[in-house]
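Down below is the structure, laid out as structure tokens.
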Amino acid sequence: MEAGGVADSLLSGACVLFTLGMFSSGLSDLRHMRMTRSVDNVQFLPFLTTDINNLSWLSYGALKGDGTLIIVNSVGAMLQTLYILVYLHYCPRKRVVLLQTAALLGVLLLGFGYFWLLVPDLEARLQWLGLFCSVFTISMYLSPLADLAKVIQTKSAQHFSFSLTIATLLASASWTLYGFRLKDPYITVPNFPGIVTSFIRLWLFWKYSQKPDRNSQLLQT
């Protein structure tokens, strides 16, 4: 195998390993829900938005014929769907959860219907779908900024997940390199904010980890 082929295989493997490690962080929430038989201190929207993101990128990977995207997002979608089902089982306000799920799934289905039925050109369809996935991923990476503001206000990062931050950094960096290698801006550009926000979280973790605040609430990041 040529050096370029080895590098591509290693990079692809890194994308799979680090991203699945990031997705599996929800297993701790799943264990918490099963042990307490409640959804206290567990946020639902991250599960739902990540699942929608996985399904979007799965469609993009299938259209592009990219095995790495297909594997990662297939497993990711199954994990997030599992988290959603367990959350729904223990959540007392099931109607709100179902409405949120139906709303985002409706947006996803409308988008897919547009891309697959009204955009006959394969290249144009790939570009529009890639743009949709990119915007959604960027919004996901930027969404924790509100929690970062709370950390600065409380001057405490004791509830930061250091392992999740590292996994996000490694996953974002590997996908950025992967997209750069493929010359695919729809993969490269949306993952760069993940690198930036991960470094911000690491800096805040270092800055406030020695100043715990017992009154601060659990921050999901």
Side-chain angles (χ1 to χ4, degrees), residues 19-60 72-112 131-154 157 159-169 171-172 175 190-191 193-198 200-201 204-205 216-221:
T19 308
L20 294 184
M22 183 175 65
F23 291 155
S24 64
S25 63
L27 291 173
S28 60
D29 287 331
L30 187 148
R31 184 166 55 249
H32 171 79
M33 289 186 287
R34 294 192 61 187
M35 290 180 62
T36 63
R37 303 186 68 82
S38 72
V39 295
D40 292 341
N41 297 322
V42 177
Q43 295 183 358
F44 172 70
L45 282 180
F47 295 150
L48 180 59
T49 54
T50 303
D51 201 3
I52 298 298
N53 190 56
N54 287 148
L55 293 173
S56 300
W57 281 110
L58 176 59
S59 180
Y60 181 79
V72 166
N73 290 287
S74 294
V75 177
M78 288 188 290
L79 282 174
Q80 301 305 322
T81 300
L82 174 63
Y83 302 153
I84 288 173
L85 292 175
V86 174
Y87 188 98
L88 183 61
H89 178 71
Y90 293 113
C91 177
R93 302 175 61 189
K94 292 181 172 54
R95 182 178 179 182
V96 175
V97 173
L98 289 173
L99 286 175
Q100 291 175 336
T101 304
L104 274 184
L105 283 177
V107 172
L108 182 67
L109 291 176
L110 285 175
F112 282 177
L131 181 61
F132 175 84
C133 293
S134 298
V135 171
F136 203 92
T137 300
I138 291 174
S139 66
M140 284 184 58
Y141 278 133
L142 296 181
S143 62
L145 290 179
D147 286 338
L148 298 182
K150 293 179 183 178
V151 171
I152 295 175
Q153 290 175 356
T154 60
H159 297 300
F160 265 164
S161 172
F162 184 77
S163 59
L164 177 58
T165 301
I166 294 297
T168 302
L169 174 61
S172 302
W175 281 111
N191 283 286
I195 300 175
V196 176
T197 56
S198 294
I200 293 175
R201 280 186 281 181
L204 290 173
F205 187 89
S216 61
Q217 297 179 348
L218 180 64
L219 300 179
Q220 300 293 328
T221 56

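Here the structure is a predicted model, which is why all the values come from computation and not from measurement.
- The distance from the OG atom of Ser74 to the CH2 atom of Trp57 is 14.5 Å, given to the nearest 0.5 Å.
- One finds the CG atom of Asn73 at 9.0 Å from the CG atom of Leu20 (value rounded to the nearest 0.5 Å).
- Atom CG of Leu79 and atom CE of Met22 lie 11.5 Å apart (nearest 0.5 Å).
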Verdict with supporting geometry, Phe44 and Val39, side-chain contact (heavy atoms from CB on, under 4.5 Å): CA-CA 9 Å; Phe44 172 70; Val39 295; over 6 Å; no

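- A distance of 11.5 Å separates OG of Ser24 from CG of Leu30, quoted to the nearest 0.5 Å.
- What you find for Tyr87 and Val97 is that their closest heavy atoms are CE2-CG2, 3.7 Å.
- Note: Asp51 CG to Leu108 CG = 9.0 Å, rounded to the nearest 0.5 Å.
- Distance alone, capped at 3.5 Å, is enough to place a donor-acceptor pair between the His32 side chain and the Asp40 backbone.
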side-chain contact (heavy atoms from CB on, under 4.5 Å) between Phe23 and Val72, intermediate numbers included: CA-CA 10 Å; Phe23 291 155; Val72 166; 4.0 Å; yes

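- Taking both residues in full, the closest heavy atoms of His89 and Lys94 are given as O-NZ, 3.5 Å, listed atom of the first, atom of the second, then distance.
- Summarising the geometry of Cys133 relative to Tyr60, their closest heavy-atom pair is SG-CB, 4.1 Å, with the distance given to 0.1 Å.
- A donor-acceptor pair is defined here as one N or O able to donate and one able to accept, closer than 3.5 Å; no such pair exists between the side chain of Ser59 and the backbone of Ser56.
- Closest of all the heavy-atom pairs between Pro190 and Ile138 is CA-CG1, 3.5 Å.
- Of the N and O atoms on the side chains of Thr137 and Asn191, not one donor lies less than 3.5 Å from an acceptor on the other residue.
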side-chain contact (heavy atoms from CB on, under 4.5 Å) evaluation trace for Leu88 with Leu98: CA-CA 8 Å; Leu88 183 61; Leu98 289 173; 3.9 Å; yes

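- Contact annotation: the side chain of Thr49 never approaches that of Asn53 to less than 4.5 Å [non-hydrogen atoms, C-beta and beyond].
- Contact detail for Leu55 and Ala77: the closest heavy-atom pair is CD2-CB, 4.0 Å.
- Between Arg201 and Leu204, the closest side-chain pair of non-hydrogen atoms is not below 4.5 Å.
- Across all their heavy atoms, Ala167 and Gly21 have their closest contact at CB-C, 4.5 Å.
- Taken from CD1 in Ile200 to OG1 in Thr165, the straight-line distance is 11.5 Å, to the nearest 0.5 Å.
- Below 30°, between 30° and 60°, or above 60°: for Phe47 and Tyr83 the angle between ring planes is between 30° and 60°, a tilted geometry.
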